[in-house]
Trainee: 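Below is the structure I would like to discuss, written out as structure tokens.
In the text below, chain A, chain B and the rest are named by the order of the sequence lines, each starting its count at 1.
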There are 2 protein chains.
Amino acid sequence: MSDQLEQPSQTEQKIFEAARHIFQRKGLEGARMQEIADNADIHKSMLHYYYRSKEALFQKVYQLSIMKVMPEIVNLLNEEVSLELKIRKFVVKYIETIQANPDIPLFILHELNKDPNRLKQFIMGQVGKKVEPFLEELRQAAKEGRIVDMPPEQILVNILSLTVFPFIGRPVIQMILGYEGKDFDRFIEERRLLLPDYVINSILK
Amino acid sequence: MSDQLEQPSQTEQKIFEAARHIFQRKGLEGARMQEIADNADIHKSMLHYYYRSKEALFQKVYQLSIMKVMPEIVNLLNEEVSLELKIRKFVVKYIETIQANPDIPLFILHELNKDPNRLKQFIMGQVGKKVEPFLEELRQAAKEGRIVDMPPEQILVNILSLTVFPFIGRPVIQMILGYEGKDFDRFIEERRLLLPDYVINSILK
DNA sequence: ATATGTTTTGACCATATGGTTGACTTATAG
DNA sequence: CTATAAGTCAACCATATGGTCAAAACATAT
């Protein structure tokens, strides 16, 4: 059954999916190996058979989670299109990315907050440098009077905030706005359509 | 030494402060009772002497954390001033509130995400109803053409996002922008001054 | 000074939890 | 069919961790 491409076995996949779900929701310490096993509907020993330890399993989930959302920031901000279109596409695409993985942002931020050094170097170099061109682009646009005069770092954080926060703040938003059932999904749907205009209008002069 | 006002003893306070710090950074499961004790520089048994259990101690920290930031939303949005001034004051004051308790938002959101029911009723009624007037105010302003035409819920979330996210996303922001030392504090300082204008300009027509 | 109540300490307990090990089962190959 | 390897299971282990308890230390009042 083993392909040349070394496909992970079905149980291995089931384990990983369950681990991803549990870890992303509850964090490293909040997750129980037994719970992951139950969730994957396999015996607990299998977790250690396929992944050495809890730490190792967590590490895989953690890394994959980061890979799912961090490079997006870089890629989308480095596309070869006009500033306006770039921002529009970023907002929409990033919302869609997170919509498909809504637990990741809070997960990463919580883990990162516990131990900021965990992947400092891992990303620091990668992402940091690649965002600079976008900042420069904003700086240039500001100099030419095409956009509002504001430090580009603030603008970038504005865009990120407006895009990412709703997912992180979901429970509070639901609470405050009295959302139930599919209400929140509709809210996000609406937002995906409105936000690009809002962001652009708030930046362009 | 016990006043009429039943002041908590000094050790009790030390415990609570340490617990607050550890719980807010690491969450319920991430925190170790021993760690809290060490941090407070007292014997572990004291934790149980003053607070029955880990759960009880956590509960106090959790509730106090919520009380520090949730009612603010309501109060600041219900002040009797013009819409513009209200929003301006909200942004500034809320940033200041969180600046004084920077760990609270992520803490609450993480715990809430693990168990959304934990305080559903506790807040649901309290905050939910009290935000409605502000939404209505936005609705009215939109109808009169004074502000941009956008669902008020989206506007409220925009304001919250722009205000709160930078604190939650701190590690990522530091990473992306290459901030070190006091850089981030300066960034927040700058933001407190810029954001009110930005928010208002993005909403008013 | 003695008694009474409060605070602190250190030794100890019970259990949850991550992890191991060896036997059993199933698949794969010769 | 047999042998070898891969996968699965159940019982068990070691330890971390929340929690208890009785005795000591300290404070306070009579």
Side-chain angles (χ1 to χ4, degrees), chain A residues 1-64 107 110-111 114-115 118, chain B residues 1-64 107 110-111 114-115 118:
Chain A
M1 180 58 86
S2 70
D3 282 348
Q4 293 160 301
L5 296 172
E6 197 52 74
Q7 266 200 340
S9 74
Q10 198 168 341
T11 51
E12 191 171 346
Q13 278 180 250
K14 283 205 296 179
I15 291 172
F16 190 79
E17 277 313 301
R20 196 170 98 169
H21 184 239
I22 304 288
F23 276 136
Q24 286 183 355
R25 276 203 108 73
K26 310 203 170 182
L28 171 57
E29 292 89 347
R32 293 290 97 95
M33 292 298 264
Q34 188 60 58
E35 194 183 359
I36 293 172
D38 292 349
N39 205 278
D41 201 39
I42 53 104
H43 198 272
K44 197 188 74 166
S45 300
M46 290 293 91
L47 303 197
H48 294 91
Y49 180 76
Y50 286 105
Y51 306 85
R52 258 196 141 55
S53 61
K54 185 184 185 181
E55 183 66 28
L57 178 53
F58 171 81
Q59 217 56 254
K60 286 227 168 176
V61 171
Y62 192 42
Q63 254 156 261
L64 176 131
F107 170 60
H110 176 244
E111 296 299 330
K114 281 190 313 186
D115 177 7
R118 196 147 209 162
Chain B
M1 181 58 84
S2 70
D3 282 349
Q4 294 160 299
L5 296 174
E6 198 53 72
Q7 265 200 339
S9 72
Q10 198 167 342
T11 51
E12 192 172 345
Q13 277 179 253
K14 283 205 296 181
I15 290 171
F16 190 79
E17 277 313 301
R20 196 170 97 170
H21 184 238
I22 304 287
F23 277 136
Q24 286 182 356
R25 277 203 108 73
K26 309 203 173 183
L28 171 56
E29 291 90 347
R32 292 290 98 97
M33 292 296 265
Q34 188 60 57
E35 194 183 0
I36 294 172
D38 292 349
N39 205 278
D41 201 38
I42 52 101
H43 197 274
K44 196 188 74 167
S45 299
M46 291 292 90
L47 303 197
H48 294 91
Y49 180 75
Y50 286 106
Y51 307 84
R52 262 195 139 56
S53 61
K54 184 184 187 182
E55 182 66 28
L57 178 52
F58 172 81
Q59 216 55 254
K60 287 227 167 176
V61 170
Y62 191 44
Q63 254 155 261
L64 177 131
F107 170 59
H110 176 242
E111 296 299 331
K114 280 190 314 186
D115 177 9
R118 195 148 209 161

Trainee: Under 6.0 Å from the NE2 atom of His21(A), do we count more than 12 heavy atoms belonging to anything else shown?
Mentor: no
Trainee: Counting C-beta onward and ignoring hydrogens, is there a side-chain heavy-atom pair between Phe23(A) and Leu57(A) closer than 4.5 Å?
Mentor: yes
Trainee: I'd like to know if the side chain of Gln34(B) pairs up with that of Asp38(B) as donor and acceptor (distance under 3.5 Å, no hydrogens or angles considered).
Mentor: yes
Trainee: Can you check side chain to side chain donor-acceptor pair (under 3.5 Å) on Glu17(B) and Gln13(B), steps first, answer last?
Mentor: CA-CA 6 Å; Glu17(B) 277 313 301; Gln13(B) 277 179 253; over 6 Å; no
Trainee: Using the side chain to side chain contact (heavy atoms under 4.5 Å, CB included) criterion, which residues pair with Glu12(B)? Sequence neighbours excluded.
Mentor: Pro8(B), Ser9(B), Tyr50(B), Tyr51(B)
Trainee: What I want to find out is whether Glu111(A) reaches Lys114(A) closely enough, with some N-O distance under 4.0 Å, to be called a salt bridge.
Mentor: yes
Trainee: Using a 4.0 Å cut-off on protein heavy atoms (strictly under), produce a 5'-to-3' string for nucleotides 6-19 of chain C with B for base contact, S for backbone-only sugar-phosphate contact, and - for none.
Mentor: SBBBB------SBB
Trainee: Would you find more than 12 non-hydrogen atoms of other residues, nucleotides or ligands less than 6.0 Å from Glu55(A) atom CD?
Mentor: yes
Trainee: Can you pull out how bent the helix from dA1(C)-dT30(D) to dG30(C)-dC1(D) is, comparing the axes over its first five and last five pairs, to 10°?
Mentor: 0°
